[in-house]
Amino acid sequence: VFAFTVLCLVSVSHSTPLLCEKLVQPLESLAPRHLEGRWALVAGSLNHSQSMDALRLRDSITMYFSNSSDPSTVSYTQINRLGNGCQHLRYNISLDGSSFSFDVGNRFDLNGSLHYTSCPDCLVMRWVVKSSKRHSVDLYLLSRRREVDLREMEEFRAQ
Ligand SMILES: *[C@@H]1O[C@H](CO)[C@@H](O)[C@H](O)[C@H]1NC(C)=O
Ligand SMILES: *[C@@H]1O[C@H](CO)[C@@H](O)[C@H](O)[C@H]1NC(C)=O
Ligand SMILES: *[C@@H]1O[C@H](CO)[C@@H](O)[C@H](O)[C@H]1NC(C)=O
Ligand SMILES: *[C@@H]1O[C@H](CO)[C@@H](O)[C@H](O)[C@H]1NC(C)=O
């Protein structure tokens, strides 16, 4: 069990405009191989308060991506840990250039993209979630490690 850090959106005034621009642009391409494997969710920032509250309740979240024989599809498993319980969520993801969408039937829309990070073993993922009840933009910091260093966290905070 590790401490799960949750951040709020904060603006960082000392970032240079150029760096900020780089941080908010989606990456141009997305290689399934880059996603492959196990990731710890280190931090998340959501503009939907109920979803943010739900996220805070998790002790940890682990995400697995695995490629399939179809290069435009990736399978996704998320394990939410809450006390002694675990919740497994499985979805197929379709890749479309630099963005991807989760196949969640017609229940809601979940599209994502990856963003720049200078952290060598991290992913920054932006999700746009749309349903009749919720329209949120989520930013997640994933790492192969369970914690990142202060500088890496600062960069994500700026993002
Ligand atoms: C979250 O941000 C998006 C994009 O700015 C906006 O369209 C949406 O309404 C926001 N959601 C909430 C719950 O504030
Ligand atoms: C997934 O990617 C790995 C490493 O890139 C490769 O060795 C493996 O064959 C791929 N699996 C499938 C089902 O394409
Ligand atoms: C993902 O796609 C595969 C192959 O089409 C299918 O067998 C599997 O049931 C799908 N999984 C989910 C969770 O939708
Ligand atoms: C997600 O992507 C699909 C397919 O590209 C598109 O139809 C849908 O409008 C997108 N939804 C959002 C919330 O961007």
- [ ] Check step by step if side chain to side chain contact (heavy atoms under 4.5 Å, CB included) holds for S98 and L27.
- [x] CA-CA 6 Å; S98 63; L27 297 184; 5.8 Å; no
TODO: With side chain to side chain contact (heavy atoms under 4.5 Å, CB included) as the test, would you mind laying out the steps for T117 and E155 before giving the verdict?
DONE: CA-CA 8 Å; T117 173; E155 183 183 83; 3.4 Å; yes
Open item on the list: With side-chain hydrogen bond (donor to acceptor under 3.5 Å, both in side chains) as the criterion, how do S75 and S66 come out once you've worked through the C-alpha distance, each side chain's angles and the decisive distance to 0.1 Å?
Closed with: CA-CA 5 Å; S75 73; S66 53; 2.7 Å; yes
- [ ] Could you check L30 against L95 for side chain to side chain contact (heavy atoms under 4.5 Å, CB included), going step by step and ending with a plain yes or no?
- [x] CA-CA 8 Å; L30 196 165; L95 305 177; 3.9 Å; yes
Open item on the list: For C122 and V148: C-alpha separation, side-chain torsions, deciding distance, then whether side chain to side chain contact (heavy atoms under 4.5 Å, CB included) applies.
Closed with: CA-CA 9 Å; C122 296; V148 297; 3.8 Å; yes
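Between S60 and R81, the closest side-chain pair of non-hydrogen atoms falls below 4.5 Å. A 4.5 Å side-chain heavy-atom check between L139 and Q159 finds at least one atom pair inside the cut-off. For the pair I93/D103, no side-chain contact is recorded, criterion being any heavy-atom separation below 4.5 Å from C-beta on. You'll find the side chain of M153 stays beyond 4.5 Å of the side chain of E147, heavy atoms only. Looking at S136 and N47, their side chains come closer than 4.5 Å, going by heavy atoms from C-beta outward. A heavy-atom distance below 4.5 Å is found between the side chains of R126 and V137. For the pair L89 and N80, the minimum side-chain heavy-atom distance is below 4.5 Å. Put simply, the side chain of Q87 does not reach to within 4.5 Å of the side chain of L82, judged on heavy atoms.
Listed here is the closest heavy atom pair of Y140 and G44: CD2-CA, 3.8 Å. Shown here for R144 and E36, the closest heavy-atom pair between the two residues is NH2-O, 2.7 Å. Nearest heavy atom pair, residue A158 against residue L23, reads CB-CD1, 4.0 Å. Considering all non-hydrogen atoms of both residues, F65 and L35 come closest at CB-O, 3.4 Å. The shortest non-hydrogen separation linking N111 to S101 is OD1-CB, 3.2 Å. Scanning both residues, W39 and D121, for their nearest heavy atoms gives CZ3-O, 3.5 Å.
Atom CG of L150 is surrounded by 12 or fewer heavy atoms from other residues, nucleotides or ligands within 6.0 Å.
Going from atom CG of L114 over to atom CD of E28 covers 12.5 Å, rounded to the nearest 0.5 Å. For the atom pair SG (C119) and CG (L142), the distance works out to 10.5 Å, reported to the nearest 0.5 Å. Here OG of S51 is found 11.5 Å from CZ of R56. Values are rounded to the nearest 0.5 Å. The distance from atom NE2 of H34 to atom CG of N67, rounded to the nearest 0.5 Å, is 14.0 Å. Put simply, NE2 on H88 and CD on Q78 are 11.0 Å apart, with the number rounded to the nearest 0.5 Å.
Grouping the Ile, Leu, Val, Met, Phe, Trp and Tyr side chains by contacts below 4.5 angstrom, directly or via other members, places L123 with Y116. Hydrophobic cluster membership differs between V24 and L46, with clusters built from Ile, Leu, Val, Met, Phe, Trp and Tyr side chains linked at under 4.5 angstrom. Residues I79 and I61 are members of separate hydrophobic clusters, defined by side-chain heavy-atom contacts under 4.5 angstrom among Ile, Leu, Val, Met, Phe, Trp and Tyr.
D59 places a side-chain N or O within donor-acceptor distance of the main-chain N or O of G83, the cut-off being under 3.5 Å. A donor-acceptor pair under 3.5 Å is formed between the side chain of H115 and the backbone N or O of Q25.
A salt bridge between R157 and E154 is present, with a side-chain N of the basic residue lying under 4.0 Å from a carboxylate O of the acidic one. A salt bridge links R145 and E152; the closest N-O separation between the charged side-chain nitrogens and carboxylate oxygens is under 4.0 Å. For the pair D138 and R134, the salt-bridge criterion is met [side-chain N within less than 4.0 Å of a carboxylate O].
Applying side-chain contact (heavy atoms from CB on, under 4.5 Å) to L41 and the options L55, L141, T62 leaves one that passes, L55.
With 3.5 Å as the limit, one finds a donor-acceptor pair spanning the side chains of D70 and S72.
Ring orientation note: the planes of Y76 and W127 are nearly perpendicular, at an angle over 60° on the 30°/60° scale.
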